[in-house]
Structure formats: structure tokens, C-alpha cells
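Okay, so here's the structure we're looking at.
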Amino acid sequence: MSSVFALVDCNNFYASCERLFRPDLAGRPIVVLSNNDGCIVARSAEAKALGIKMGVPVYKVERYLQQHDVAVFSSNYALYADMSARVMSILEELAPRVEIYSIDEAFLDLTGIDSIQSLDAFGTRIRQQVGQHTGIRVCVGIAPSKTLAKLANHAAKQYPATGGVVDLTNPERQRRLLALVPVSEVWGVGRRLRQRLETDGIRTALDLASANPKSIRQQYSVILERTVRELNGESCLSLEEITPVKQQIICSRSFGQRITGYQEMREAICAYASRAAEKLRQEQRIAKRLSIFLRTNRFNAAEPQYMPSPSAELPIPTDDTRELVATAVKLLRACWKDGFRYMKAGVMLTDFYETGTFQPDLFNKGAEHPRSKALMAVMDTINQSGHGHVFLAGQGINQVWKMQRRSLSPAYTTRWQDIPVVK
DNA sequence: TCTGGGGTCCTAGGACCC
DNA sequence: TCTGGGGTCCTAGGACCC
């Protein structure tokens, strides 16, 4: 039996989440900003119609946003993550196998379902169920490979006449769509590849699908070869239901304002290392390598630049906040230089082992903190309960470097005092 | 004044080994 | 005149994704 995938993708997800709890914004353009209110990362249909581009820095379009009465929101990740979980749980009820691909997308395995009902009808049912239970609109693309399902979804979004569902299992229909789509819309083709492909005369998705896979592999990469095969309906990417274990954990932020002093930087590094340690414990892993990095503003050519990224191996892999923070601070002390205006910093953990499986060498036994595990568990429990927040003093209390979120909406669905009240 | 954050995979090249 | 070959491991960098 040949495989059938569906890609379900939420429409303008972040902007839609904001509008769910603000019915007064119906018909008004909405944009959502990145962390630190830096650039635009999501737009409602109305905002797109105004020609506002994805990824533009806010300061470049500030006037324009005001002129057109655009509602502007800081990223409210807690809200989006919670709405996402609701959408995904509905998909999991409808399809036997689901791969949650990102916060607003999921692949479904529909293999064999067409013997029970038409794929189109199934897609419509998904839209209807998700819409009814969450208020979020989705589009559905259906095809024999993930890459084609992505393109089908793109078509469902672009052409309203499709009713938000495109079944691309028919090869002739595939060819017709591929001819219409520029090659840059194909999953896996970014800016660089697009440039190279176009100079080679490959402009549409159909041009790429018609290329010889072998020579694409020689001239480009194995990845693009796979894309060519996928575009021809040969499924090379399987559904991955089980989230793969993380290979690295990064915690980094741009600062709300430039940092020039060691003390503030130390606070920030402590905070990021603590957060990274928390994520590591959630993954049930211990890490053997920790790196930090500092960044000045590379966009400002007039400013002196300094971007160190030292890294250290831990004597024994650990998930203990105190050990990770201490290592991060040691690295910071060694690479810190006065006289720069730092814009961003981060902490990265790599080289993971499953908790409890690492074999320490003979000379290191006993190096582990005896009550470490219990203490970390207590910290995590308190911090996840919503009743309080415990942290190491090193990360500071004022945090003048904290990111800006001037237009943050309430945590409607995840904090008791923010629940909307109906009067 | 002002430009996100968090990931993955692949490849090339150097170090090192026999 | 001539300067092996094959393998592994690690890291850095590039490209992509949302």
C-alpha cells in the first residue's frame, strides 16, 4: 500500500491565538513580534494584505503600523504553546499516527484511510473539528510524500476556492501544481539554494522535480536529491511519531538594553545556564560539555566587535544547576573583556548521556553531589507549580538586561488571574 | 535607540592512528 | 626521481527549518 501523508498547518497561528481572546480585533490587522520586540514573526491575513513582510525589524515599519491601526503584540509563548497542545490533541484523536512537526504544524499518516472515506472529506473533517473545539483555522494538504504534502498545504492556503483542503494524490494534479510554484516554495530550498538553482535554470518546483536525481546529488547534496524524489511522489521521509532526543540545548537572548558591566553579564549567564539545566532535566539527560557565547552588535560596523565562545568539558556529566552555573561563570570570567557593548549572550549544552548511564572513571568516583538529585527535583517542582519561583542568587533580582515585551497579552489559558471573565 | 530563538543535518578538513 | 593509503574522530561552518 503506498503511503499517504497529510500536513495540517494552522493559519497565521500566533496572530490567530491573540485574536481568539480579543473578539474586538475582528477584521483588524494583527502582528506578533519576536522576543525583545525585535522583528515581526507573525501576521494576520489583514496584515499580510497591507504588505507587511515577515521578519522585518519593527522600527522600520513603526509609522506604517500606526497609520493602519495595526494591533501589535509581543510574543506570548505560554499562550501559543497551550493552544498548540489543544490543537494537537484533537489531531491525535482523529488520526492513528501523528508527528508534531512544529508549534503549528503536524504530519498525519493517512495510509489506508481512503478505503473508508475520501481524503477530501477527511481533510474537511479535521478542519471542522479543530475549528469547533479551539477556534483555530487550519489548512490540510494531502499527498504521497511529506514534501508534496507541504506543497499541497501551501496551495490550500493560497487558493480559497480549495476550501482549505488539497488532495494531491493524483499525479496529474501534482504536475499542474508543481508548474505553478516557484522553486523557493519547496520544503528544503532556502535562499542560497534558490539562487544557485535559478542560475542553473531551475525556476519552478516542476523544473526541480524533472531534474536527474543523480546529478542533483553530485552538484548539490544528498538532501536535495531526496527532495527531487519526494517531489516525484517517492516517499523518502517517514513519519516520526516519537520526538527524537535532543542533541543540544541552547538558551540565549538578546538583552533589553546593551550590557557593558561584568556584574550584569554574570547575572544573565547564570539565568541562561539555570534555564538550560531545567530543560536538560526535562529531557532526562546529563551533559558533559557546556559552552557560552557573548555577542556585540554585528550590525553596527562602527562599534568594536568581540564574540568569544569558550567551551568546557565537565569532569562528570551532570544536570545539576549549581555545577552548570559554576562552569558557565568560570568560562565567563576567563573570556570577559571590558569596553564592549554586548547585545546578546547564551549558554549551550552538548554531549548528552541518559541520566544514570554514564560510567565515571576510577578516579572520579564520589564527585557527584549526594543530595543533588533531590534538590533539583524540589526546585523544578516548585517552579512548575505556579506557586513560586526559586533560583540561585547569581542570576540577580532586578535583571536590567531582561528582554523587552512591551505589548504582552495576558496568559489567558495558563494563569488563573488571567482567565477571561464573562460579565 | 532599534535586527528572534532554538533546533537539525551534512560536509570538509585537521589530527591522529596503524 | 621519489614523498602511502585507509580509517576514525572531532570540530567548524554552512544550509535549512519553524
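In what follows, chains are A, B, ... by sequence order, proteins preceding strands, each numbered from 1.
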Check: Which of the following nucleotides, B/dC10, B/dT8, C/dC18, is nearest to the side chain of A/V222?
Finding: B/dC10
Note to self: Strictly below 4.0 Å: does A/S252 bring a side-chain N or O up to OP1 or OP2 of B/dG4?
What the structure shows: no
Checklist line | Whole-Å distance separating the CH2 atom of A/W401 from the P atom of B/dT1 | finding: 25 Å
Margin query: We want to know whether A/Y272 and A/E267 form a side-chain donor-acceptor pair, criterion being a heavy-atom distance below 3.5 angstrom.
Written below: no
Checklist line | Nearest-angstrom distance from the residue atom CG of A/L224 to P of B/dT11 | finding: 12 Å
Margin query: Heavy atoms only, 4.0 Å cut-off, all strands: where does A/R226 land among base, sugar-phosphate and nothing?
Written below: nothing
Note to self: Taking any heavy-atom pair under 4.0 Å as a contact, classify A/N297: base, sugar-phosphate, or nothing.
What the structure shows: nothing
Note to self: Categorize A/L193 for me: base, sugar-phosphate, or nothing, with a 4.0 angstrom heavy-atom threshold over every strand shown.
What the structure shows: sugar-phosphate
Check: Is any side-chain N or O of A/K150 closer than 4.0 Å to OP1 or OP2 of C/dC18?
Finding: yes
Notebook entry, point to check: Which one, B/dG6, C/dC16, B/dG4, comes nearest to the side chain of A/K279?
Noted result: B/dG6
Next item on the list: In whole angstrom, give the distance that lies between atom CD of A/E99 and atom C1' of B/dG7.
Entry: 14 Å
Margin query: Can you tell me which nucleotide in C/dC18, B/dG7, B/dT3 comes closest to the side chain of A/I250?
Written below: B/dG7
Check: Which part of the nucleic acid, if any, lies within contact of A/R298, taking any heavy atom under 4.0 Å across all strands shown: a base, the sugar-phosphate backbone alone, or nothing?
Finding: nothing
Next item on the list: Kindly say if A/R258 contacts the phosphate of B/dC2, meaning a side-chain N or O under 4.0 Å from OP1 or OP2.
Entry: yes
Next item on the list: Kindly check if the number of other-residue, nucleotide or ligand heavy atoms within 6.0 Å of OH (A/Y64) is above 12?
Entry: yes
Next item on the list: Indicate whether OP1 or OP2 belonging to B/dT8 is found under 4.0 Å from a side-chain N or O atom of A/K246.
Entry: no
Margin query: By the 4.0 Å heavy-atom rule, please label A/Q257 as base, sugar-phosphate, or nothing.
Written below: nothing
Note to self: Expressed as a whole number of angstroms, how long is the span from A/M343:CE to B/dG5:C1'?
What the structure shows: 12 Å
Check: In whole angstroms, how far is the P atom of B/dT1 from the CD atom of A/E303?
Finding: 11 Å
Margin query: If you compare every side-chain N and O of A/R194 against the phosphate oxygens of C/dC16 (OP1, OP2), does one of them come in below 4.0 Å?
Written below: no
Note to self: Using a heavy-atom cut-off of 4.0 Å across all strands, would you classify A/K344 as base, sugar-phosphate, or nothing?
What the structure shows: sugar-phosphate
Notebook entry, point to check: Ring-on-base stacking between A/F299 and B/dT3, under 5.5 Å between centres and under 30° between planes: is it there?
Noted result: yes
Check: Between A/E62 and A/P244, who's closer to the 5' end of DNA chain B by nearest nucleotide?
Finding: A/E62
Next item on the list: Check every strand shown and say whether A/N36 touches a base, only sugar-phosphate, or nothing at a heavy-atom separation below 4.0 Å.
Entry: nothing
Next item on the list: Quote, to the nearest angstrom, the P distance that separates B/dT3 from C/dC18.
Entry: 24 Å
Check: Between A/S102 and C/dC17, does any side-chain N or O lie under 4.0 Å from OP1 or OP2?
Finding: no
Checklist line | Rounded distance (Å) that lies between atom C1' of B/dT11 and atom CD of A/Q218 | finding: 16 Å
Note to self: By the 4.0 Å heavy-atom rule, please label A/Q248 as base, sugar-phosphate, or nothing.
What the structure shows: base
Note to self: If you take the centroid of each ring, where Trp contributes its six-membered ring, are A/F5 and A/W187 closer together than 6.0 Å?
What the structure shows: no
Checklist line | Sugar-phosphate only, base, or nothing, as touched by A/V58 at under 4.0 Å among non-hydrogen atoms | finding: nothing
Margin query: Assuming nearest nucleotide by heavy-atom distance, tell me which of A/S221 and A/S254 is located more 5' along DNA chain B.
Written below: A/S254
Note to self: Measuring from atom CG of A/N153 to atom OG1 of A/T162, what distance do you get when rounded to the nearest 0.5 angstrom?
What the structure shows: 9.5 Å
Notebook entry, point to check: How is A/I249 classified with respect to the nucleic acid when contacts are heavy atoms under 4.0 Å: base, sugar-phosphate, or nothing?
Noted result: sugar-phosphate
Checklist line | Nucleotide paired to B/dC18 in any strand shown, Watson-Crick or G-U, under 3.5 Å | finding: C/dG5
Next item on the list: Fit a plane to each ring of A/Y342 and A/W336, take the angle between them on a 0 to 90° scale, and name the class: parallel (under 30°), tilted (30 to 60°) or perpendicular (over 60°).
Entry: tilted
Check: How many angstroms lie between CG in A/L108 and CD in A/E92, if you round to the nearest 0.5 Å?
Finding: 9.0 Å
Check: Atom CG of A/L7 to atom P of C/dC18: distance rounded to whole Å?
Finding: 9 Å
Notebook entry, point to check: For the side chain of A/R192, counting heavy atoms from C-beta on, which of C/dC16, B/dT3, B/dG7 is nearest?
Noted result: C/dC16
Margin query: Measure CZ/A/R295 against C1'/B/dG4 and give the value in whole Å, please.
Written below: 14 Å
Margin query: Nearest to the A/R253 side chain among B/dG7, B/dT3, B/dG5, which nucleotide is it?
Written below: B/dG5
Check: Is it the case that A/T111 and A/D109 place a side-chain donor and acceptor less than 3.5 Å from each other?
Finding: yes
Checklist line | Out of C/dC18, B/dG5, B/dG7, whichever nucleotide has its closest atom nearest the side chain of A/W187 | finding: C/dC18
